[in-house]
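Note sheet for the following structure.
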There are 2 protein chains.
Amino acid sequence: MNGERPAASPARVAIENLRPSVAAGRHAVKRTVGEWLEVTADIHADGHDELRARLLVRPRSEPNWREVAMAPQGNDRWSARVRIERLEPHLYTVEAWADRFRSWRRDLLRRQQANAVAEVDLLVGAELVAEAASRASGSDARFLAATAEALRGEAGEEQEARVERALEASLLSVMDRHPDRGRAARHAPELRLDVDPERARFSAWYEFFPRSSAPDPGRHGTLRDAIARLEYASAMGFDVVYLPPIHPIGRTHRKGPNNSPTAAAGDLGSPWAIGAAEGGHTSLHPELGTLDDFRALVARARELGIEIALDLAFQCSPDHPWVEEHPEWFLARPDGSIQYAENPPKKYQDIYPIHFESQHWEPLWDALRGVVDFWVDEGVRVFRVDNPHTKPYPFWEWLIGDVRGRHPEVIFLAEAFTRPKVMARLAAIGFNQSYTYFAWRNTGPELREYMNQLTGTELVEYFRPNFWPNTPDILPEFLQCGGRSGFALRVLLASTLSASYGIYGPAFELCEDRAVKPGSEEYLDSEKYQLRHWDLGADHSLRPLITRLNRIRRDTTALQGNRGITFHETDNDQLLAYSKTGPEGERVLVVVNLDPHHAQSGWLDLEPSSFGLDPGLPFQVHDLLSDARYFWSGGRHYVELDPEVQPGHVFQVRRRVRSERDFDYYL
Amino acid sequence: MNGERPAASPARVAIENLRPSVAAGRHAVKRTVGEWLEVTADIHADGHDELRARLLVRPRSEPNWREVAMAPQGNDRWSARVRIERLEPHLYTVEAWADRFRSWRRDLLRRQQANAVAEVDLLVGAELVAEAASRASGSDARFLAATAEALRGEAGEEQEARVERALEASLLSVMDRHPDRGRAARHAPELRLDVDPERARFSAWYEFFPRSSAPDPGRHGTLRDAIARLEYASAMGFDVVYLPPIHPIGRTHRKGPNNSPTAAAGDLGSPWAIGAAEGGHTSLHPELGTLDDFRALVARARELGIEIALDLAFQCSPDHPWVEEHPEWFLARPDGSIQYAENPPKKYQDIYPIHFESQHWEPLWDALRGVVDFWVDEGVRVFRVDNPHTKPYPFWEWLIGDVRGRHPEVIFLAEAFTRPKVMARLAAIGFNQSYTYFAWRNTGPELREYMNQLTGTELVEYFRPNFWPNTPDILPEFLQCGGRSGFALRVLLASTLSASYGIYGPAFELCEDRAVKPGSEEYLDSEKYQLRHWDLGADHSLRPLITRLNRIRRDTTALQGNRGITFHETDNDQLLAYSKTGPEGERVLVVVNLDPHHAQSGWLDLEPSSFGLDPGLPFQVHDLLSDARYFWSGGRHYVELDPEVQPGHVFQVRRRVRSERDFDYYL
């Protein structure tokens with residue numbers, strides 16, 4: 001306040017360290033419908049008055065706050081929680097005040113215990129009750145007015161009886177309904193809560209190239225072919241199907257197979273070189289089909305409970321209609337040419353970046369929003385955004401805020417594989433999910449540290465990781481070298497460490513592990529540049545494992561969020577053990593063999609009491625992957641995993657219960 | 001932004017996690033004159049542009065920012081530091097922008113290395129240089145205009161020569177002087193920095209009761225007598241002398257010796273029962289002397305380089321003139337009586353609390369500020385504030401801000417022994433120093449944990465601890481039981497753990513350890529209620545030790561601040577070892593025997609390399625307390641301390657240097 005006197009007698013109560021809060025309220029906290037928001041704050045005042053505090057929450061469109069009483073947790077920390085019901089942006093804050101009646105009542109109790117009640121003490125209380133009567137109405141007002149009279153002795157009661165009357169719980173509960181909040185402190189600023197559909201928190205993604213979805217080798221797949229692949233993904237248990245760009249592909253500087261700088265006649269080019277004579281970001285590549293075909297795909301997805309995710313790649317091929325219609329949206333060089341994408345000295349002449357710092361940025365932004373709106377109108381609710389870190393933060397904050405202001409069910413996934421703070425910022429300004437470094441975290445210490453960064457810091461409030469063991473751009477060295485078992489353990493990790501995960505298939509489940517050259521993470525004969533035909537029924541397919549994992553995830557609430565992960569010690573570095581806890585305390589225990597080549601065994605430390613189990617009783621661990629059940633007791637447990645058999649255990653932990661008829665079972 | 005489009009094309013650079021910052025800028029960070037302010041922030045943007053950033057700092061009264069270039073530290077973290085020179089509140093923030101010329105220059109270098117420079121690349125650079133020319137003036141403008149021409153080839157140079165010209169360091173330095181900051185991002189809000197005199201950070205306090213300062217036993221001491229005690233404290237090396245209240249003492253409900261509820265005739269009462277017929281908070285107790293006597297005391301203090309600290313106890317005896325003049329400043333009860341202080345069922349009828357929630361709070365606040373202004377006008381620059389946690393936070397924030405806005409050299413010490421968050425809040429809203437829990441932290445783990453709380457958290461930015469081993473209210477059990485050695489080790493800890501410390505004397509140096517009763521921390525025959533006569537020349541006085549400690553503190557910059565404390569492991573729990581580091585890297589090592597009764601010995605872990613010493617060479621530790629010197633080598637060192645001899649070591653660590661003439665010495 002810098003020595004300026006407040007305008008009115010200021011509130012005495014301090015409300016500090018309100019959590020959750022992202023960058024002091026600059027960004028919104030995220031929750032999904034049905035999740036709890038637990039709010040804590042330091043609340044204190046001078047002196048020794050009894051304080052009261054309420055959490056205030058409301059959907060942004062509602063004028064009135066919903067109020068939830070906060071309870072002290074010790075050390076001046078208060079908390080309350082509220083379940084979020086509506087798919088709409090919310091606001092929340094905290095209000096607190098010194099409660100004179102409660103303070104007086106506490107003191108009266110002490111005086112009573114010390115036999116030291118004075119007549120004036122009751123008169124002070126009578127004043128407080130009378131004031132509350134004037135704030136109340138109806139029966140409360142009549143009750144309080146009568147109580148005030150009685151406390152003053154006007155009903156002729158003995159002092160002892162009046163003290164008892166003053167201390168009655170019923171009086172307290174009526175007084176609590178009519179507090180004097182005239183000097184209540186309110187936390188400023190109000191904090192923002194973004195509310196998303198459940199799929200923003202818990203989702204399983206399957207990516208495939210529609211043009212490779214034809215059942216007959218060599219033919220260009222269509223959106224109608226893609227319906228069968230959608231059903232295949234659905235049968236495996238995926239609930240988001242993500243398609244790389246489906247728009248017309250540019251011809252100028254088109255890339256050939258294996259990213260060759262020149263294309264031969266008939267080469268298909270990269271779907272990310274968007275735009276041709278046939279249209280741009282709101283058109284369909286003619287060989288894939290028509291808008292009606294797309295609508296059929298979306299309709300079938302809806303029947304299957306799947307969301308179709310489109311790729312939002314805001315860049316243009318030199319043949320994109322915008323290049324001619326709106327040259328001002330691209331960066332002109334002094335020689336009149338348009339600046340193509342480059343990472344000097346590398347050139348990507350098949351791509352023109354959009355010039356976001358254009359003087360004509362407002363119509364440009366509107367046009368880009370128009371792209372999103374077009375596909376939203378076609379029923380698309382999920383967008384995977386290509387390289388968002390090469391477009392300005394304020395653009396995304398505006399675009400996502402604007403679209404979700406009208407369609408709060410829309411989900412944006414940020415495909416930014418860049419520096420950690422840039423990725424965090426993109427999440428903070430609105431992206432609902434984010435790609436991560438998971439593909440390059442392989443050892444136990446790496447995975448533990450990374451999970452701690454994601455879930456043990458402020459990130460957990462707004463950055464929702466989506467774990468991908470592969471993408472069309474990323475065939476990690478681990479998958480190149482680990483064989484089928486390597487693929488199996490990586491999908492086990494992805495699907496149990498993170499509530500959202502995804503695979504690029506069928507390359508993944510068919511264990512495609514051939515890189516274009518040593519030291520590269522690019523696929524050989526990458527689908528980015530050519531058609532591929534996949535034998536979905538191959539014996540070695542991981543489809544059964546993935547199907548089982550997705551079913552386990554659906555049945556296990558602890559795997560549906562990212563809070564409350566705990567790592568457990570083992571005496572073998574290759575055995576990674578962790579448990580996850582759901583919102584109501586449900587626990588699941590996962591043990592993974594990180595070595596795809598050898599069986600590994602060792603001892604796992606797990607105290608039964610830390611799982612809420614009786615340390616004196618054996619308990620059962622039920623492997624949801626293999627259906628095997630093991631009986632464990634004590635704090636150390638032997639585990640042995642052979643990668644030829646299964647990549648790990650996903651244990652449900654069952655406690656031993658003695659029935660009334662004197663036999664034991666496990667619950 | 002909630003989907004609203006920014007008014008102008010928004011800045012692309014994000015500036016986040018600016019540190020230091022207290023509660024997101026709600027409160028000021030504290031520094032003293034001559035200290036460094038090091039500012040760090042996460043700074044990043046979309047894409048791959050080269051960024052530049054500057055720390056902006058200014059005294060609040062200056063319109064123009066001082067700018068200091070920030071440098072990247074890795075992981076998108078940037079930093080800069082600035083030395084604070086003026087005793088005045090400051091503001092600071094950070095500005096950052098994408099630098100197009102630096103980005104272009106980096107790319108040109110890559111193109112040059114790949115032999116891939118195109119003519120248009122030079123044209124792009126020429127445009128940037130020409131734009132800078134239009135922002136510059138004088139020789140810079142001429143140089144840049146000529147360079148732009150040359151880059152375009154208008155001077156007829158070969159491309160190779162023009163590329164060399166574009167990459168010249170001299171061009172970069174001129175371009176750096178004229179950046180395009182039109183789209184620079186500025187961190188909001190601007191952050192506040194409170195600047196205090198050095199004594200706010202580094203001070204040694206001595207408290208005594210003037211009425212006990214007469215040289216002849218039994219006589220009531222005067223402010224003239226207090227001058228001799230001031231000189232005694234000065235000779236010991238103290239630089240703040242704090243006097244309990246020196247105002248007229250109330251007679252109504254006056255307390256007798258040892259806090260007896262009734263006073264006999266001639267009993268002096270507690271100085272904290274302020275106010276009588278002779279006056280209130282701006283009057284002097286007649287037996288202490290006149291305002292002229294006080295002025296003489298202040299003048300002598302000034303000669304000695306000592307600040308006189310007064311006690312600011314905002315409460316009144318029933319005889320205080322305000323009780324009659326301003327009954328509206330006190331809480332009236334329904335029976336017309338004034339509410340006295342109480343902690344039910346305990347009553348403190350000699351004290352009327354001030355009613356800060358009075359309807360007439362504005363004249364009340366003015367009157368209280370008038371008390372401070374009165375003593376500031378009399379030359380008082382330090383106030384020890386009694387129980388600030390029983391008065392509203394907004395009052396202190398206003399009072400301290402107002403007084404220090406006019407007198408930034410004034411220091412307020414908060415005497416709040418209450419809950420941690422309340423103490424932290426008082427510091428955050430303006431108190432320059434704070435009492436602490438030090439008196440009750442005795443074991444090694446307790447002291448380590450407490451120092452970590454104070455110096456390893458955000459507290460270090462605004463909460464300046466003042467460590468007191470005793471006060472007139474607190475004779476800790478440790479001192480009651482530890483004998484003279486207990487006092488010695490406690491003052492060694494206080495004066496070396498905390499840059500500010502104080503003792504209540506002469507009780508402390510004379511090792512007064514008698515409590516009024518078992519289990520109490522009250523002194524027997526406490527000076528709060530009666531005169532005491534002290535034999536300052538007693539043989540057992542700790543005066544020599546304290547004098548030595550204060551001299552060491554003055555000579556050792558590492559002991560003059562609270563940043564950079566490190567604890568070192570020992571194999572004996574009773575040996576506590578820690579080192580402190582000064583702002584320029586100076587180190588001091590302290591080893592304390594926490595056992596006042598027995599000699600203790602053990603091994604101390606201290607790697608020479610962690611002290612910047614050559615691990616292969618022996619080094620010297622010079623005990624500044626005893627002047628003994630020891631030669632240590634390797635990482636483990638034997639220490640033995642006998643409490644009868646000395647409570648610990650305060651080591652200066654000297655490294656071995658070989659002279660040119662081939663003999664070794666220690667520096």
Side-chain angles (χ1 to χ4, degrees), chain A residues 1-6 9-12 14 16-17 23-25 42 44-48 75-76 89 107-108 110-111 113-114 116 119-120 123-124 126-127 183 192 333-335 337 343-345 357 361-362 365 389-394 397-398 400-405 419-422 425, chain B residues 1-6 9-12 14 16-17 23-25 42 44-48 75-76 89 107-108 110-111 113-114 116 119-120 123-124 126-127 183 192 333-335 337 343-345 357 361-362 365 389-394 397-398 400-405 419-422 425:
Chain A
M1 291 203 293
N2 286 323
E4 280 161 52
R5 188 156 52 191
S9 174
R12 281 169 45 204
E16 306 176 311
N17 289 321
D42 294 338
H44 47 83
D46 64 287
H48 304 101
N75 192 22
D76 292 318
D107 290 349
L108 186 70
R110 291 185 191 158
R111 292 182 218 273
Q113 282 156 359
E119 204 49 36
V120 67
L123 293 180
V124 169
E127 269 190 4
R183 295 188 182 193
R192 288 161 47 211
R333 301 196 294 180
D335 65 356
S337 64
N343 181 16
E357 294 194 300
W361 60 280
E362 288 171 299
W365 287 25
H389 57 293
T390 60
K391 290 95 190 170
Y393 300 132
E397 188 164 19
W398 165 76
I400 296 173
D402 182 274
V403 171
R404 288 179 37 83
R419 291 154 9 244
K421 287 173 183 172
V422 175
R425 175 82 178 185
Chain B
M1 289 204 293
N2 287 320
E4 282 163 51
R5 189 157 51 192
S9 174
R12 280 171 44 205
E16 305 176 312
N17 288 321
D42 294 338
H44 46 84
D46 63 286
H48 303 101
N75 193 21
D76 292 319
D107 290 348
L108 186 70
R110 291 184 193 158
R111 293 183 216 272
Q113 283 157 359
E119 203 51 35
V120 67
L123 293 180
V124 169
E127 268 190 5
R183 293 188 183 194
R192 289 161 47 212
R333 301 197 294 180
D335 65 355
S337 64
N343 181 14
E357 295 195 299
W361 60 280
E362 289 172 297
W365 286 25
H389 57 293
T390 61
K391 289 96 190 168
Y393 300 132
E397 187 162 22
W398 165 77
I400 296 172
D402 182 275
V403 170
R404 288 179 37 85
R419 286 146 23 237
K421 287 173 183 173
V422 175
R425 175 83 178 185

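In the text below, chain A, chain B and the rest are named by the order of the sequence lines, each starting its count at 1.
For A/Ala11, the part lying near chain B is the backbone, with the side chain staying farther off; criterion is any non-hydrogen pair under 4.5 Å. Interface remark: A/Lys421 contributes backbone and side-chain atoms alike to the contact with chain B (heavy atom separation under 4.5 Å). In this structure, chain B has a heavy atom under 4.5 Å from the backbone of A/His389, while its side chain stays farther away. Neither the backbone nor the side chain of A/Asn17 comes within less than 4.5 Å of any heavy atom of chain B. In this structure, the portions of A/Glu357 lying under 4.5 Å from any heavy atom of chain B include both its backbone and its side chain. Interface residue A/Arg183: only side-chain heavy atoms are found under 4.5 Å from chain B. Heavy atoms of A/Glu362 lying under 4.5 Å from chain B belong to its backbone as well as its side chain.
Using a 4.5 Å heavy-atom cutoff, the side chains of B/Arg12 and B/Asp46 are in contact.
Annotation: maximal heavy-atom pairing with chain A below 4.5 Å, among B/Lys391, B/Glu127, B/His48, B/Arg404, occurs at B/Lys391. Residue with the most contacts toward chain B among A/Ala116, A/Ala126, A/Ala45: A/Ala45 (heavy-atom pairs, distance under 4.5 Å). Heavy-atom pairs under 4.5 Å with chain B were tallied for A/Pro334, A/Ala14, A/Gly47; the largest tally goes to A/Pro334. Among B/Arg110, B/Gln113, B/His44, the residue making the largest number of heavy-atom pairs under 4.5 Å with chain A is B/His44. Comparing B/Pro392, B/Pro345, B/Ala24, B/Gly405 by heavy-atom pairs within less than 4.5 Å of chain A, the highest count is held by B/Pro392.
By the side-chain hydrogen bond (donor to acceptor under 3.5 Å, both in side chains) test, B/Arg425 pairs with A/Glu16, sequence neighbours left out. Contacts of A/Trp361 classified as ring-ring contact (aromatic ring centres under 6.0 Å, His included), with partners at least two apart in sequence or in another chain: A/Trp365.
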